[in-house]
Amino acid sequence: KQGLMAGKRGLVMGLANDKSIAWGIARAVAAEGAELAFSYQGEALKKRVEPLAQQLGSSLVLPCDVSDESSIDALFQSLGQEWGSLDFVVHAIGFSDKEQLRGRYAETTRDNFLMTMDISVYSFTAVARRAAAMMPEGGSLLTLTYYGAERVMPHYNVMGVAKAALEASVRYLAEDLGKDNIRVNAISAGPIKTLAASGIGDFRYIMKWNELNSPLRRNVTQEDVGNSALYLLSRLGGGVTGETHHVDAGYHVVGMKAVDAPDI
Ligand code: NAD
């Protein structure tokens with residue numbers, strides 16, 4: 001195989017269907033020669049993920065529920081047996097109770113707060129530790145975040161608090177793992193219509209607002225995120241770690257509604 005990712009082996013976590021951000025990233029790195037393994041959550045997703053993996057020439061499709069330590073251990077044990085070493089990991093996982101992704105953040109329950117932090121934040125640290133143990137020559141770890149970590153966005157609520165913690169953990173992991181030549185970064189993606197996103201209140205309005213008010217006057221695509229992920233996962237991003245890289249058509253630099261944006 002030829003390309004920027006030739007000879008590189010990577011684990012992609014968080015593929016649910018062909019709308020998933022994980023799918024955009026998997027396609028971009030596979031097109032550059034990466035060999036991929038996929039993890040999926042729960043038997044129901046297995047039959048969706050397997051044919052997608054096959055399209056990219058991968059038959060290594062393994063279960064992993066990141067809320068369960070033994071499930072993460074089992075995943076890395078299988079990967080160790082199949083591959084021995086690993087070059088990169090894509091963590092495209094987040095979860096919160098849909099009922100609390102609308103209305104007031106102030107109503108967040110303790111149970112949902114802890115579950116959201118567990119699945120959306122701690123899981124990246126849990127995965128990073130095990131992945132690093134399989135990266136004797138270094139590697140690259142990537143997670144997905146959103147602008148709701150930095151500014152208040154409608155309905156994002158506890159997920160915004162979780163993403164802020166995720167971005168902080170990217171910085172701490174970058175320091176811990178940098179000595180082993182392992183880079184750790186996040187992509188802060190603009191809104192994309194996926195299964196997870198459809199749980200967020202008024203998501204269509206949020207997408208429209210971003211389209212009308214971002215400097216590029218459009219929403220980003222899975223391909224946009226995939227291409228930027230390729231940079232961070234390949235040698236092109238060799239000097240970059242601890243970074244939250246915005247792939248959001250520039251929305252994060254904007255201070256107010258665009259003068260030419262119509263009312264919606
Ligand atoms: P998606 O629904 O396609 O992917 C979310 C994935 O998380 C699913 O594959 C699901 O199975 C997995 N997941 C949830 N709980 C899990 C668990 N306990 N164990 C293992 N896997 C679990 O949606 P997506 O939008 O592609 O989400 C991927 C990442 O991108 C998430 O972190 C999300 O917050 C982030 N993100 C999304 C957007 C957007 O607008 N879609 C914007 C910025 C960031």
Side-chain angles (χ1 to χ4, degrees), residues 11-27 38-49 52-53 61-72 74-75 89-98 101 112 114-124 126-127 142-150 153-167 169-170 186-211 214 219-222 224-226 228-229 244-249 251-252:
L11 168 66
V12 177
M13 308 181 77
L15 182 59
N17 56 42
D18 65 358
K19 304 283 181 284
S20 295
I21 290 178
W23 182 235
I25 297 174
R27 273 186 309 181
F38 292 87
S39 72
Y40 62 90
Q41 177 207 14
E43 277 307 300
L45 283 181
K46 185 180 183 184
K47 63 177 191 303
R48 284 187 188 275
V49 173
L52 290 171
V61 179
L62 303 160
C64 182
D65 181 333
V66 296
S67 65
D68 177 358
E69 286 281 300
S70 64
S71 180
I72 308 178
L75 168 66
V89 176
V90 176
H91 172 276
I93 290 173
F95 189 72
S96 187
D97 178 357
K98 212 174 141 208
L101 293 175
N112 186 50
L114 294 175
M115 181 191 67
T116 305
M117 295 294 273
D118 184 27
I119 296 175
S120 314
V121 184
Y122 183 70
S123 69
F124 185 55
V127 163
L142 180 68
T143 188
L144 271 301
T145 183
Y146 179 58
Y147 191 51
E150 301 167 67
M153 299 299 280
H155 306 305
Y156 206 58
N157 297 356
V158 64
M159 198 49 115
V161 175
K163 292 300 194 190
L166 179 67
E167 291 175 15
S169 53
V170 163
I187 284 181
S188 184
I192 298 178
K193 201 169 186 311
T194 62
L195 199 63
S198 64
I200 300 165
D202 291 320
F203 190 72
R204 282 163 54 100
Y205 180 87
I206 293 168
M207 281 206 62
K208 195 71 192 164
W209 183 273
N210 276 260
E211 180 197 320
S214 61
N219 278 306
V220 294
T221 62
Q222 270 175 319
D224 290 323
V225 177
S228 295
T244 295
H245 180 60
H246 295 85
V247 181
D248 65 349
Y251 185 77
H252 70 288

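Values below: every heavy atom of this structure, side chains too, minus hydrogens, waters and symmetry copies. Counting starts at 1 for both ligands and their atoms, in listed order.
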Q.
Tell me whether Gln222 contacts the main-chain N or O of Ser20 through its side chain, where contact means a donor paired with an acceptor under 3.5 Å.
A. yes
Q: Anything with a heavy atom under 4.0 Å from ligand 1 counts, so go ahead and list those protein residues by chain and number.
A: Gly14, Leu15, Ala16, Ser20, Ile21, Gln41, Leu45, Cys64, Asp65, Val66, Ala92, Ile93, Gly94, Phe95, Ile119, Leu144, Thr145, Tyr146, Lys163, Ala189, Gly190, Pro191, Ile192, Thr194, Leu195, Ala196, Ala197, Phe203
**Q.** Plane angle bin for His246 and Tyr147 - parallel if under 30°, tilted between 30 and 60°, otherwise perpendicular
**A.** perpendicular
Q.
Restricting to salt bridge (charged side-chain N to carboxylate O under 4.0 Å, His left out), what partner residues turn up for Lys208, sequence neighbours left out?
A. Glu211
**Q.** Residues forming a side-chain contact (heavy atoms from CB on, under 4.5 Å) with Lys46, sequence neighbours excluded
**A.** Tyr40, Glu43, Glu50
Q) Does any non-hydrogen side-chain atom of Thr145 lie less than 4.5 Å from one of Ser188? A) yes
**Q.** Qualifying salt bridge (Lys or Arg N to Asp or Glu O under 4.0 Å) pairs, either residue in residues 63-72, two or more places apart
**A.** Glu69-Arg130
